[in-house]
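Below you'll find the structure, written out as structure tokens, and then a few comments.
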Amino acid sequence: MPAYDAFLLLSFGGPEGQQDVLPFLENVTRGRGVPPERLVEVAEHYRAYGGVSPINGQCRRLLEAAGTAFAAGGMDLPLYWGNRNWHPFIEDTVRQMSADGVTRALAFVTSAYSSYSACRQYLDDIDRAVSVVGPAAPNIDKIRPYFNHPGFIEPFAASAEAALSGLAPGVQAGARLVFTAHSVPVAMAASSGSPSTGTALPGAVGGRYAAELREAARLISERVRGGSLPFDLVFQSRSGPPSVPWLEPDVNDHLAALAKGTLANGEPLRDGPPAAVVVVPVGFVSDHMEVVHDLDVEAAATAASLGLPFARASAPGLTPRFAQMVRELVAERVSGAEPLALGSFGPRAYPAGAGSCPDDCCRYAQKRPPVTGRSS
């Protein structure tokens, strides 16, 4: 395996002041045909928090924790951080890496799953940044998805257990776990995985993306109260036009159905309405805006209106175990060891082992123009 001389944390990015909010949202939605009035509406979610998304602060803390974990494991790698949609932009970071003499870096992205937006688009971001910087840019390899790594599953299970314990004792045994992930277009989900290596699941609803989410939800749920609680996988934060099918059901529709004793598709629940719900944002690494607003505000309000006791588990990104996982994934890539993975997918989830994604993995035809205006 190649030697690496730097570590790159690659993330989505978020605004850090009121003046950043609309330019950031314009970067995120460029080429998607989102009307200006919708951007103004979404901007209010950020403005309610002073125009600051939690994600950049969380990335700073994760980078510091990863550095501590690296040092404890005897790894001596300089640490860099770049974003897709806001400062520090990935192009600027790669330019700095080049100036510092970095020749080959290993990138960890803040998304655990296989899909265009969760994986392939970050590879595109890396390729674009390297192209912009030119021949002096370092080679950058991306660490594999990690949806079934113990360092992702274990802290999620612990936070779900903690959220459940925060409910009234009388409702805990009758609670239902509701796992949420970011919805994506149905066509994007169907393109997730690699046809050439057999990881694509074109006949399954939601493709490889939804299959990985279901597996992570199963692995977490079996570690909460001994696997005694029923669970569902639903979606949130849809942002596309109504004419484009996205993965469903929406978490708010699902909560309304649960309160009536059914699933969103009308199928009756065997034991009737749950006594409470614990929402687990399994599709997310950190508690960023789409978690703290879409779940803590909107979904919590929906549950309250239904008289349904509600708790929300924290995402694992700021836990020591997660930082340790980052170190383990770096060591795995450097050594070429078999991927550490739980459950029925196990290491076979990664046909390339600890290596790079296959070139045909998560290819999605409907791509948007790259973000421009880096000095904004």
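As the structure is a computational prediction, the values presented were derived from the model and not from experiment.
- Between Val285 and Tyr146, some side-chain heavy-atom pair lies under the 4.5 Å cut-off.
- Side-chain atoms of Asp141 never come within 3.5 Å of backbone atoms of Leu106 as a donor-acceptor pair (strictly under, hydrogens ignored).
- For the residue pair Glu290/His182, the side-chain donor-acceptor check at 3.5 Å is satisfied.
- Between Phe152 and Tyr113, the two ring planes are perpendicular [angle over 60°; tilted spans 30° to 60°].
- For Ser11 and Thr110, the side-chain atoms include at least one donor-acceptor pair closer than 3.5 Å.
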Identify all side-chain donor-acceptor contacts of residues 227-235 below 3.5 Å with residues at least two apart in sequence or on another chain.
unit_1 : atom_1 : unit_2 : atom_2 : d
Ser228 : OG     : Arg225 : O      : 2.8
Asp232 : OD1    : Arg176 : NE     : 3.4
Asp232 : OD1    : Arg176 : NH2    : 2.9
Asp232 : OD2    : Arg176 : NE     : 2.5
Asp232 : OD2    : His254 : NE2    : 2.9

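- Residues Arg218 and Glu222 are paired through a salt bridge, judged by an N-O separation under 4.0 Å between the basic side chain and the carboxylate.
- Within the 4.5 Å cutoff, no side-chain heavy atoms of Cys362 are placed close to those of Gln121.
- Evaluation of the side chain to side chain donor-acceptor pair (under 3.5 Å) rule for Asp360 yields Ser194, Ser196 as partners, not counting sequence neighbours.
- With respect to the salt-bridge test (charged N to carboxylate O, under 4.0 angstrom), the residues Glu332 and Arg144 qualify.
- Residues forming a side chain to side chain donor-acceptor pair (under 3.5 Å) with Glu64 (at least two apart in sequence, or on another chain): none.
- The existence of a salt bridge linking Arg47 and Glu41 is excluded, since no basic side-chain nitrogen approaches an acidic carboxylate oxygen closer than 4.0 Å.
- Residues Met289 and Pro54 are in side-chain contact: their nearest non-hydrogen atoms beyond the backbone lie under 4.5 Å apart.
- Identified under the ring-ring contact (aromatic ring centres under 6.0 Å, His included) test for residues 17-65, with sequence neighbours left out: Phe24-Tyr46, His45-His293.
- Judged as a side chain to side chain donor-acceptor pair (under 3.5 Å), and not counting sequence neighbours, the contacts of Asp125 are Arg84, Arg128.
- Residues Asn252 and Asp250 bring a donor and an acceptor atom of their side chains to less than 3.5 Å of each other.
- Under a hydrophobic-cluster definition in which Ile, Leu, Val, Met, Phe, Trp and Tyr are linked whenever side-chain heavy atoms come within less than 4.5 Å, directly or via other members, Ile220 and Leu318 are assigned to different clusters.
- The main-chain N or O of Gly343 is never found under 3.5 Å from a side-chain atom of Glu215 such that the two would form a donor-acceptor pair.
- Side-chain atoms of Asp20 come within 3.5 Å of backbone atoms of Glu16 as a donor-acceptor pair (strictly under, hydrogens ignored).
- Its side chain outside the 4.5 Å cluster rule for every partner, Leu123 clusters with none of the Ile, Leu, Val, Met, Phe, Trp and Tyr residues.
- In plain terms, the two heavy atoms of Leu22 and Ala43 that are nearest each other are CD2-CB, 4.1 Å.
- In plain terms, the two heavy atoms of Leu9 and Cys59 that are nearest each other are CD2-O, 3.6 Å.
- Within 6.0 Å of CZ on Arg61 lie no more than 12 heavy atoms contributed by other residues, nucleotides or ligands.
- Taking the six-membered ring for Trp and the full ring otherwise, Phe147 and Phe345 have centroids separated by under 6.0 Å.
- The closest side-chain heavy-atom distance from Phe89 to Asn27 is below 4.5 Å.
- Within the structure, no pair that satisfies the side-chain hydrogen bond (donor to acceptor under 3.5 Å, both in side chains) test touches residues 260-280, not counting sequence neighbours.
- When all heavy atoms of Gly14 and Ser53 are compared, the closest pair comes out as CA-CB, 3.9 Å.
- The shortest side-chain heavy-atom distance between Thr180 and Val282 does not fall under the 4.5 Å cut-off.
- Counting heavy atoms from C-beta outward, Leu177 and Phe179 have side chains that approach closer than 4.5 Å.
- Applying the side chain to side chain contact (heavy atoms under 4.5 Å, CB included) criterion to Leu79, with sequence neighbours excluded, gives Phe7, Leu63, Phe70.
- Applying the side chain to side chain contact (heavy atoms under 4.5 Å, CB included) test to Ala163 and every residue at least two apart in sequence or in another chain returns Val278, Ala311, Ala313.
- Screening Asp287, Val280, Val178, Val279 for a side-chain contact (heavy atoms from CB on, under 4.5 Å) involving Leu295 leaves a single residue, Val279.
- Here the side chains of Arg120 and Cys361 are in contact, with some heavy-atom distance below 4.5 Å.
- Listed by chain and residue number, Asp294 satisfy the side chain to side chain donor-acceptor pair (under 3.5 Å) test with Ser237 (two or more places apart in sequence, or in another chain).
- Defined by atom type and a distance below 3.5 Å, a donor-acceptor pair is present between the side-chain atoms of Tyr350 and Asn148.
- Listed by first and then second residue, the side-chain hydrogen bond (donor to acceptor under 3.5 Å, both in side chains) pairs that reach into residues 199-209 are Arg208-Glu212, sequence neighbours excluded.
- Partners of Ala107 according to the side chain to side chain contact (heavy atoms under 4.5 Å, CB included) rule, which considers only residues two or more places apart in sequence or in another chain, are Leu8, Ile126, Ile140.
- Proximity of Ile90 to Tyr80: side-chain heavy atoms (C-beta onward) are nowhere separated by under 4.5 Å.
- Although no hydrogens or angles enter the test, the distance criterion places no donor-acceptor pair under 3.5 Å between the side chain of Ser98 and the main chain of Val94.
- Salt bridge annotation for Arg312-Asp296: present, with a cationic side-chain nitrogen under 4.0 angstrom from a carboxylate oxygen.
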